[in-house]
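Below you'll find the structure, written out as structure tokens, and then a few comments.
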Amino acid sequence: MVVLSPPALDHCSLIKTCKPTTSVFTGTPVVDMSDPEAKTLIVKACEEFGFFKLINHGVPMELAALLESEALRFFNLPQSEKDRAGPPDPFGYGNKRIGPNGDVGWVEYLLLNTNPEVTSQKTLSVLQENPEIFRFAVRDYISAVKNITFEILELIADGLKIEQTNVLSKLLRDEKSDSCFRINHYPPCPELQALSGRNLIGFGEHTDPQIMSVLRSNNTSGLQICLRDGTWVSVAPDQSSLFINVGDALQVMTNGRFKSVRHRVLAGNMKSRVSMIYFGGPPLSDKIAPLECLLAKDEESLYKEFTWSEYKKSAYKSRLADYRLGLFERTSGQ
């Protein structure tokens with residue numbers, strides 16, 4: 001933890017720092033959606049990393065570029081105007097504070113609801129008070145990313161030799177799917193030289209609670225993932241690709257065969273980073289447990305059964321870096 005000398009970031013002295021990572025990770029799994037072996041490669045990446053880069057995904061990049069441009073138009077508004085879309089409830093505009101439990105980062109964001117069954121006044125106000133082009137860009141981009149997420153989940157089911165290939169995707173296709181969409185903006189931080197070579201945390205380390213999340217960012221670096229041995233590595237940005245994260249719920253449904261990836265974002269001092277993430281969650285009342293068809297004979301479930309609502313409430317009571325699944329693991333004899 002570093003407290004910067006005033007006036008530089010004096011209002012953000014609680015933002016954590018970390019040691020810099022010296023090199024870019026070259027081992028990121030890359031999956032081409034046009035590859036006949038895509039399902040096998042996706043399963044392998046989810047088992048080994050809980051993370052992969054997706055190319056030839058079919059999401060129009062001109063649509064992503066338009067949404068990025070419109071998001072930057074919002075983030076470049078005077079602070080007083082942006083604040084009218086906040087504070088987040090959890091939807092709406094947030095600035096530096098991440099969740100209700102004391103986590104902070106060098107980030108501002110818009111969190112939007114994607115479930116038509118749930119009315120979010122903050123989401124409605126953000127969409128209605130911005131130009132119509134922004135509203136349409138959000139709608140069309142989310143629709144395109146949802147479709148590729150459904151396809152990935154069906155390839156996973158097929159790759160795992162599950163007869164019912166929609167067993168995962170149907171949870172997100174459900175009209176009551178509890179999914180959301182987040183646009184993060186990490187402004188340049190020219191005062192970083194005051195940190196004596198350390199990096200300022202833009203968004204602290206965490207796993208995503210949902211089934212799967214799909215990220216697209218501009219060509220500014222900052223994303224890091226944690227490997228199985230605890231090493232943090234930087235992921236090279238690629239604005240034409242999507243990056244896929246296994247979430248906690250999918251880890252449970254595969255009984256730990258897939259691992260939800262721990263990741264974070266570091267702030268930069270020269271260029272802003274803009275990322276947009278679709279978080280695919282099941283309906284609130286759906287039960288989450290290891291799929292019986294994936295359990296080998298005599299294999300025990302590693303997790304207790306819980307509803308998505310129960311896990312979501314537990315997750316949002318925790319700090320970002322907490323191991324949230326620990327409360328739902330079975331102990332011997334259970």
Counting only heavy atoms not in Ile55, do more than 12 sit closer than 6.0 Å to its CD1 atom? yes
Between Gln224 and Ser234, is any side-chain donor less than 3.5 angstrom from a side-chain acceptor? yes
Do Phe136 and Tyr141 have side-chain heavy atoms sitting under 4.5 Å apart? no
More than 12 heavy atoms of other groups within 6.0 Å of Arg73 CZ: no
Taken to the nearest 0.5 Å, the spacing of His185 NE2 from Leu110 CG works out to 11.0 Å
Is there a side chain to side chain contact (heavy atoms under 4.5 Å, CB included) between Ile152 and Ile156? Walk through the geometry before answering. CA-CA 6 Å; Ile152 293 168; Ile156 285 174; 4.1 Å; yes
Linking I/L/V/M/F/W/Y whenever their side-chain heavy atoms sit closer than 4.5 Å, directly or via other members, would Leu295 and Phe306 fall into one cluster? no
The side chain to side chain contact (heavy atoms under 4.5 Å, CB included) partner of Leu41 among Asp32, Val30, Asp35 is Asp35
Test of understanding: with side chain to side chain donor-acceptor pair (under 3.5 Å), list the residues that count as partners of Asn218, not counting sequence neighbours. none
What's the separation between atom CD in Gln251 and atom CE in Met253, rounded to the nearest 0.5 Å? 13.0 Å
Please assess Arg330 against Ser301 for the test side chain to side chain contact (heavy atoms under 4.5 Å, CB included), listing each intermediate value before the final yes or no. CA-CA 8 Å; Arg330 287 185 182 275; Ser301 169; 3.7 Å; yes
Side chain proximity check, Arg264 to Cys18, heavy atoms < 4.5 angstrom: yes
Candidate list Lys82, Lys96, Gln79, test side chain to side chain donor-acceptor pair (under 3.5 Å), partner Glu108, passing option: Lys82
For a 4.5 angstrom cut-off between non-hydrogen side-chain atoms, does Ser217 reach Gln239? no
Are any of the side-chain heavy atoms of Leu160 and Val43 separated by less than 4.5 Å? yes
No-hydrogen, no-angle side-chain donor-acceptor test under 3.5 Å, Tyr93 and Asp83: no
Side-chain touch Leu171/Ser177, heavy atoms, less than 4.5 angstrom: no
Indicate the atoms forming the closest heavy-atom contact of Leu200 with Cys189, along with that distance. CD2-SG, 3.9 Å
Are Leu66 and Leu72 co-members of a hydrophobic cluster defined by side-chain heavy atoms under 4.5 Å apart? no
Is the CZ atom of Arg135 crowded by more than 12 outside heavy atoms at less than 6.0 Å? yes
One pair to check against side chain to side chain contact (heavy atoms under 4.5 Å, CB included): Phe75 and Ser272. What are the steps and the verdict? CA-CA 11 Å; Phe75 289 124; Ser272 66; over 6 Å; no
Measuring centre to centre across the rings, with the benzene-like ring taken for any Trp, is Phe203 within less than 6.0 Å of Tyr109? no
Check whether any side-chain N or O of Asn101 sits under 3.5 Å from a backbone N or O of Tyr316 as a donor-acceptor pair, and report yes or no. yes
How long is the straight-line distance from CZ of Phe243 back to CG of Leu223, given to the nearest 0.5 Å? 7.0 Å
Rounded to the nearest 0.5 angstrom, the CE-OG1 distance for Met270 and Thr220 is 11.0 Å
Cluster check Ile288, Tyr323: I/L/V/M/F/W/Y, side chain < 4.5 angstrom: yes
Rounded to the nearest 0.5 Å, how far apart are CD of Glu205 and SG of Cys226? 7.0 Å
Under a 3.5 Å distance rule, please check whether Asp322 uses its side chain to pair with a backbone N or O of Arg319 as donor and acceptor. yes
Can you name the nearest heavy-atom pair linking Leu284 to Thr307, along with the distance? O-CB, 3.8 Å
Output the distance between atom CD1 (Ile277) and atom CG (Leu215), rounded to the nearest 0.5 Å. 5.0 Å
Taking side chain as C-beta onward, heavy atoms only, is Glu154 less than 4.5 Å from Leu168? no
Check whether any side-chain heavy atom of Lys53 sits under 4.5 Å from a side-chain heavy atom of Asp238, and report yes or no. yes
Over all heavy atoms of both residues, which pair between Pro290 and Asn255 is shortest? Give the atoms and the distance, please. CG-OD1, 3.3 Å
If hydrophobic clusters are built by linking Ile, Leu, Val, Met, Phe, Trp and Tyr wherever their side-chain heavy atoms come under 4.5 Å apart, do Ile133 and Ile142 end up in the same one? no
Given salt bridge (Lys or Arg N to Asp or Glu O under 4.0 Å), test Lys312 with Asp178 step by step and report yes or no. CA-CA 10 Å; Lys312 184 178 177 182; Asp178 183 48; 2.8 Å; yes
Minimal heavy-atom distance between Thr28 and Phe25, with the atoms involved, is N-CE2, 3.3 Å
Quick check against the 3.5 Å criterion: does Trp106 have a side-chain atom that pairs as donor or acceptor with the backbone of Pro187? yes
A quick test of your reading: do over 12 heavy atoms of other residues, nucleotides or ligands sit less than 6.0 Å from CD of Glu299? yes
Show your working on side chain to side chain contact (heavy atoms under 4.5 Å, CB included) between Tyr186 and Val274 and close with a plain yes or no. CA-CA 6 Å; Tyr186 304 91; Val274 178; over 6 Å; no
By side chain to side chain donor-acceptor pair (under 3.5 Å), which residues pair with Thr26, not counting sequence neighbours? none
Intermediate values then yes/no, salt bridge (Lys or Arg N to Asp or Glu O under 4.0 Å), Lys259 and Glu48: CA-CA 8 Å; Lys259 297 292 185 183; Glu48 295 182 359; over 6 Å; no
Where the side chain of Gln210 meets the backbone of Gly247, is there a donor-acceptor pair that is under 3.5 Å apart? no
Would Phe328 and Tyr303 count as a close aromatic pair, with their ring centres under 6.0 Å? no
Asn184 and Arg182 side chains, donor-acceptor separation under 3.5 Å: yes
When you look at CD of Gln164, are more than 12 heavy atoms from neighbouring residues, nucleotides or ligands closer to it than 6.0 Å? yes
Under a 3.5 Å threshold, yes or no: a donor from one side chain and an acceptor from the other, between Thr165 and Asp158? no
Can you see which heavy atom on Leu172 is nearest to which on Pro282, and at what distance? CD2-N, 4.2 Å
Which heavy-atom pair separates Ser179 from Asn113 by the least distance, and what is that distance? O-OD1, 3.9 Å
Ignoring hydrogens and angles, state whether a donor on the side chain of Thr207 or Arg262 is under 3.5 Å from an acceptor on the partner side chain. no
Between Arg257 and Glu47, does a salt bridge (Lys or Arg N to Asp or Glu O under 4.0 Å) hold up when you go through it step by step? CA-CA 6 Å; Arg257 181 169 172 178; Glu47 290 176 338; 2.5 Å; yes
Is any side-chain heavy atom of Ile148 closer than 4.5 Å to a side-chain heavy atom of Met33? yes
When you measure from the side chain of Ser143 to the backbone N and O of Arg139, does any donor-acceptor pair fall under 3.5 Å? no
